[in-house]
Amino acid sequence: FTQAFTILTNNLKAELNNPPYQRLSDLLQNILYESYVSTENLLQILPTLTLNDLEEYRRFFIANSFATAFVYGNFAKDKLMKLNETVSTLQNVATRPSHLTPYLRLKIGSWALRTRGTAVSGDNNALVTYLQWGTAMTPTHAGLLILGEVLYSETFVYLRNQLQLGYIATGEVIGESSDIVGIVFYIQGTRADPSEIDQHIEELLTRLLNRFENMTHAEFNVLKHSVVIELRNRVTLNTAAEMGYMGVLTMHAEDEAPSWDIYDTLAEWVEEFDQKRLVKLIKKRLISEATRSRLSLQTFGESKVDNFYNQRNALPGQKIFYERDINQMLQNISLKATPQ
C-alpha cells in the first residue's frame, strides 16, 4: 500500500508540471468522463486514505464491474466456445458488456472555462477546444472519420504555419472508445491570447467546410478509400490485443476466421457516405451556433493575464466560466438522459 501510495502521489505531483495544453487536455478528459476531480484535490484526498479504507472500495468495485477477456491466437473454435460458456456462468459477469465508455453529452451551446497559468507555464498560453459530433459507431460517426482525414493537416497549415499562433497546433478526432465522438484542437504558444485563438478556430472550421464544399467527387472518394483501408486493416497480429476490447469478435463457421463487426460496419458506412451529407453535418455540428455543442478550455499566460476577465473577447453566445466555477459549468453543460 505504501509503495502504491508513493508512486501515485509522485505521478500526480508530476502532472502539476505538465505543459498547460496537456493539463487542459487532461481536464477535458475528466470533464467528458463525468468524473472531474482536480489533481490538486486528489493530492489532498490521498493522505486521508488508509489500507482499511480500500476494503469498501474493493467490494464496490467487484459488485459493479465486469471483466472483458480477449483471446487471440491458434485456438480451436470448440475450445473457445467452451471457454465462453464457462466464463458466462460466473457470478456478476456480464456476457455482453458495452465496449464503449460513457462520455458526457453536452447541451447545445458554447462555453469557455478560463484558467490562469502557473509558475511552470510562465508566458505560455494554451487552448483546448472540443466540438461534439454525435453518437459513436453510427453512420454519422463514419462521416467524422472522413473529416478526420484532413483535420490535422488543415489545423497545422492554417493555425501554425499561416497564423503562427503557437508552436503546438493540432486537431484530431476523439472518443472512438467512448459512446460519443467529436473533434478537439490543441494550441499552445506565447504570442496569442487564448480567446483570440478561439476565434481563429472558427475561421478554421469555415475553411474545413469550404474544402468539402469545393472538393471534387474524385478527391472525396480518395479520402473515403483511405478511411476504409485503415478500418479494414485494424485487426493485425500487432494490434489485435490492443484493440480487442473495442470490437465484438465473432467466429464464422465456414472459415473460423475472426471478423470485427464494428470496423467492418464502419467501413461499409464510410463507403456509402455522401459528400453533400457530410457538408450538412459540418454545418450542423461544427458551424451553426443553434445546433452545435462547443467547449473551450483556456489558460492565460503571464503576458496575457490582463485579458483574463475580458468577456468582450468571447465568441458570440459563448458563456464564460472561471476555474472556481467549474462545478457550476458542469451543471450548465451536461445533458443527462438518465440520472447518474
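The shortest distance between side-chain heavy atoms of Leu295 and Leu28 falls below 4.5 Å. Considering only heavy atoms from C-beta on, Phe300 stays 4.5 Å or farther from Asp306 through its side chain. Between Glu202 and Arg294, the closest side-chain pair of non-hydrogen atoms falls below 4.5 Å. With contacts defined as side-chain heavy-atom distances shorter than 4.5 Å, the pair Leu205/Ile183 qualifies. Using a 4.5 Å heavy-atom cutoff, the side chains of Thr190 and Ser303 are not in contact. At least one side-chain heavy atom of Leu151 sits under 4.5 Å from a side-chain heavy atom of Phe185. Looking only at side-chain heavy atoms (C-beta outward), Val150 and Phe212 come within less than 4.5 Å of each other. Put simply, the side chain of Tyr130 reaches to within 4.5 Å of the side chain of Leu32, judged on heavy atoms.
Interatomic distance, CG of Asp198 versus CG of Asn313, reported as 10.5 Å (0.5 Å rounding). Rounding to the nearest 0.5 Å places CZ of Phe5 at 11.0 Å from OG1 of Thr50. To the nearest 0.5 Å, atom CG of residue Leu159 and atom CD of residue Glu154 are 10.0 Å apart.
No side-chain N or O of Asp26 forms a donor-acceptor pair with one of Tyr21 less than 3.5 Å apart. Using modelled atom types, one finds no donor on one side chain facing an acceptor on the other under 3.5 Å when comparing His225 with Asn221.
Follow the hydrophobic side-chain contacts under 4.5 Å out from Leu16 and you reach Leu42 in the same cluster.
In terms of the side chain to side chain contact (heavy atoms under 4.5 Å, CB included) criterion, Gln331 has no residue partners (sequence neighbours excluded). Partners of Thr48 under the side chain to side chain contact (heavy atoms under 4.5 Å, CB included) rule, at least two apart in sequence or in another chain, are Ile45. Taking Leu49 as the reference, Leu46, Asp53, Tyr57 meet the side chain to side chain contact (heavy atoms under 4.5 Å, CB included) condition, with sequence neighbours excluded. Under the salt bridge (charged side-chain N to carboxylate O under 4.0 Å, His left out) criterion, Arg312 pairs with no residue, sequence neighbours left out.
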Which side-chain N or O atoms in residues 278-289 pair as donor and acceptor under 3.5 Å with protein atoms at least two apart or in another chain?
residue: Arg285; atom: NH1; partner: Trp133; partner atom: O; Å: 2.2
residue: Ser288; atom: OG; partner: Ala290; partner atom: N; Å: 3.3
residue: Ser288; atom: OG; partner: Thr291; partner atom: OG1; Å: 3.4

Let me have the donor-acceptor pairs involving side chains of residues 106-117, under 3.5 Å, with sequence neighbours excluded, atom names and distances please.
residue: Lys107; atom: NZ; partner: Asn332; partner atom: O; Å: 3.4
residue: Arg114; atom: NE; partner: Gln298; partner atom: OE1; Å: 3.0
residue: Arg114; atom: NH1; partner: Phe308; partner atom: O; Å: 3.1
residue: Arg114; atom: NH1; partner: Asn310; partner atom: O; Å: 3.1
residue: Thr115; atom: OG1; partner: Gln298; partner atom: O; Å: 3.0
residue: Thr115; atom: OG1; partner: Thr299; partner atom: OG1; Å: 2.8

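Other residues, nucleotides and ligands place no more than 12 heavy atoms under 6.0 Å from the CD atom of Gln3.
Taking the six-membered ring where the residue is Trp, Tyr33 and Tyr103 present perpendicular rings, their angle passing 60° and hence far from 30°.
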